[in-house]
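Just so you know, these numbers use all the heavy atoms, side chains as well, and skip hydrogens, waters and symmetry mates. Each chain gets a letter, A, B and so on, in the order the sequences are listed, and its residues count up from 1.
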Protein chains: 2
Amino acid sequence: MNAVHDPFTHPASRLALEVFRLNGALISAGDTLVAPLGLTSARWQVLGAIAEAGGALPTAGIARNMGLTRQSVQRVVDDLAARGLVCFATNPHHKRAKLVQLTAAGTQAFAAASARWAPLADLLLARIGPAAAEAAATTLHQLRTTLSEAGAGSGDPT
Amino acid sequence: MNAVHDPFTHPASRLALEVFRLNGALISAGDTLVAPLGLTSARWQVLGAIAEAGGALPTAGIARNMGLTRQSVQRVVDDLAARGLVCFATNPHHKRAKLVQLTAAGTQAFAAASARWAPLADLLLARIGPAAAEAAATTLHQLRTTLSEAGAGSGDPT
DNA sequence: CGCTTATTGACAGCACACTGTCGTTATGGA
DNA sequence: TCCATAACGACAGTGTGCTGTCAATAAGCG
């Protein structure tokens, strides 16, 4: 009995397009925010994933935590290593899978990025309110869960 | 003064990460959905933008409607033209800016993509409910507006 | 111990969006 | 009319993410 849904006005379509637009705006804002630090949104996120994990984990572990593929993360990690923001430590549990660690410069860069992000995060939260932020996060999470259930999840099936 | 916000647990940070993840999931699901039609998410969206606009508009116009740059859209349009899904018509208002039109094959491909998307859109909407969809769309729009106000809008300043 | 399987790193190639730049075309004001 | 500005198409280069593939390592099992 579905009504004749115009693909342009379907609520799910409009929400999806809004996600696309906000995603682009967030990446753009993030790039601008951390550009003075020699960072990009992707490099910043990888530094954050390492910091959040306690400071040392292999590339594949970073990828899992971020929901990306090893290959994507690896390129960024190599880039960060070339810039001296991360270094590699031997992994007692796996000879080839070296642990990625923040260097002093990397720790400092991530702290500086966080300091630059904090005011904007507060502004965004104040604009929409904590309740709406929580509700939106829940809704988006439900959508992502439904997508992965309906379509075979992403991951690293290599 | 602001509480000591852990950058990992700030509601705005968590919402941003959720947007990133859902964006990736939507693109991935879209690619899978329309792959049998020889389409990708990007090509599908461009076809949709042309169809929504009534069938003919220049590349730069498509880009404005989608919130992307001319250059990004142009590559996809050229690709669609090579595949016979769109064609170019002379523009009475601008000699070089030819109008992009859907071919019969393009119209058919977009209709097929819409037909494949409809059930998934209905499923997603049923999962979260119309009210949550509307609320989330509003919240995301507010965030995007706030970002563009705070950080110099995106667009095509070329 | 030896074999199979899963995990990991590494490399190549593709898709997509961005910035920067140039030449062409329209448009509007001096 | 003529020139400055804006808009558009085109091309090059960069960043990010994906898939596909291979060799090396680790872990489990007969």
Side-chain angles (χ1 to χ4, degrees), chain A residues 20-32 34-35 38-46 57-64 66-83 88-100 152-158, chain B residues 20-32 34-35 38-46 49 57-64 66-83 88 90-100 152-158:
Chain A
F20 293 151
R21 296 198 189 98
L22 180 57
N23 180 74
L26 282 172
I27 290 176
S28 176
D31 283 342
T32 303
V34 299
L39 294 179
T40 63
S41 289
R43 300 205 264 258
W44 173 23
Q45 286 180 49
V46 168
L57 73 173
T59 301
I62 302 174
R64 269 192 301 271
M66 296 179 64
L68 301 177
T69 60
R70 307 189 314 275
Q71 293 89 333
S72 303
V73 173
Q74 195 167 50
R75 178 142 35 103
V76 177
V77 166
D78 290 343
D79 193 81
L80 290 172
R83 293 165 186 272
F88 300 101
T90 58
N91 187 342
H93 299 313
H94 197 300
K95 193 174 296 182
R96 287 191 66 204
K98 292 169 293 186
L99 293 174
V100 182
S154 56
D156 185 16
T158 299
Chain B
F20 293 151
R21 297 198 189 97
L22 180 56
N23 180 74
L26 282 171
I27 291 177
S28 176
D31 284 341
T32 303
V34 299
L39 294 178
T40 63
S41 289
R43 299 204 264 258
W44 174 22
Q45 286 181 50
V46 168
L57 72 173
T59 299
I62 302 174
R64 268 192 302 273
M66 296 180 63
L68 301 177
T69 60
R70 308 189 312 274
Q71 293 88 332
S72 303
V73 173
Q74 196 166 51
R75 192 173 42 78
V76 177
V77 166
D78 290 342
D79 192 81
L80 289 173
R83 293 165 185 272
F88 300 102
T90 58
N91 186 342
H93 300 312
H94 196 301
K95 191 174 296 183
R96 288 192 66 202
K98 292 169 292 186
L99 294 173
V100 183
S154 56
D156 186 17
T158 301

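- Between B:Arg43 and B:Arg83 there is a side-chain heavy-atom pair separated by less than 4.5 Å.
- Contacts of B:Arg75 classified as salt bridge (charged side-chain N to carboxylate O under 4.0 Å, His left out), with partners at least two apart in sequence or in another chain: none.
- Applying the 4.0 Å criterion to OP1 and OP2 of C:dA10, one finds that A:Gln74 has a side-chain N or O inside that range.
- Taking CG of B:Leu80 as the start and CG of B:Leu39 as the end, the distance is 7.5 Å to the nearest 0.5 Å.
- Side chain of B:Asn91 to backbone of B:Ala97: a donor-acceptor contact under 3.5 angstrom is found.
- Taking B:Asp31 as the reference, B:Ile27, B:Thr40, B:Ser41 meet the side-chain contact (heavy atoms from CB on, under 4.5 Å) condition, with sequence neighbours excluded.
- A 4.5 Å side-chain heavy-atom check between B:Thr90 and B:Lys98 finds every atom pair outside the cut-off.
- Rounded to a whole Å, the CZ atom of B:Arg21 is 13 Å from the P atom of D:dC18.
- To the nearest angstrom, P of D:dT16 lies 15 Å from CG of B:Asn23.
- In the set C:dA10, D:dC8, D:dG9, the nucleotide with an atom closest to the side chain of B:Thr59 is D:dG9.
- The shortest distance between side-chain heavy atoms of B:Phe20 and A:Asn23 falls below 4.5 Å.
- In this structure, NZ of A:Lys98 is placed 12 Å from P of D:dT25, rounded to the nearest angstrom.
- Residue B:Asp78 contributes atom CG, which lies 8 Å from atom P of D:dC11 at whole-angstrom precision.
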Produce the list of close N/O pairs, under 3.5 Å, pairing protein atoms with atoms of nucleotides 16-18 of chain C; give distances to one decimal.
unit_1: C:dC16; atom_1: OP1; unit_2: B:Thr40; atom_2: OG1; d: 2.2
unit_1: C:dA17; atom_1: N7; unit_2: B:Arg75; atom_2: NH2; d: 3.3
unit_1: C:dC18; atom_1: OP2; unit_2: B:Thr69; atom_2: N; d: 3.0
unit_1: C:dC18; atom_1: OP2; unit_2: B:Thr69; atom_2: OG1; d: 3.0
unit_1: C:dC18; atom_1: OP2; unit_2: B:Ser72; atom_2: OG; d: 2.8

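- Distance, A:His94 NE2 to C:dT8 C1': 5 Å, rounded to whole Å.
- Contact check, A:Arg96 against C:dA6: no side-chain N or O comes under 4.0 Å of OP1 or OP2.
- Put simply, CH2 on B:Trp44 is 19 Å from P on C:dA15, counting in whole angstrom units.
- Between A:Ile62 atom CD1 and D:dG17 atom P the separation is 12 Å, expressed in whole Å.
- One interatomic measurement links the two molecules: CG of A:Leu80 to C1' of D:dT16, which rounds to 13 Å at whole-angstrom precision.
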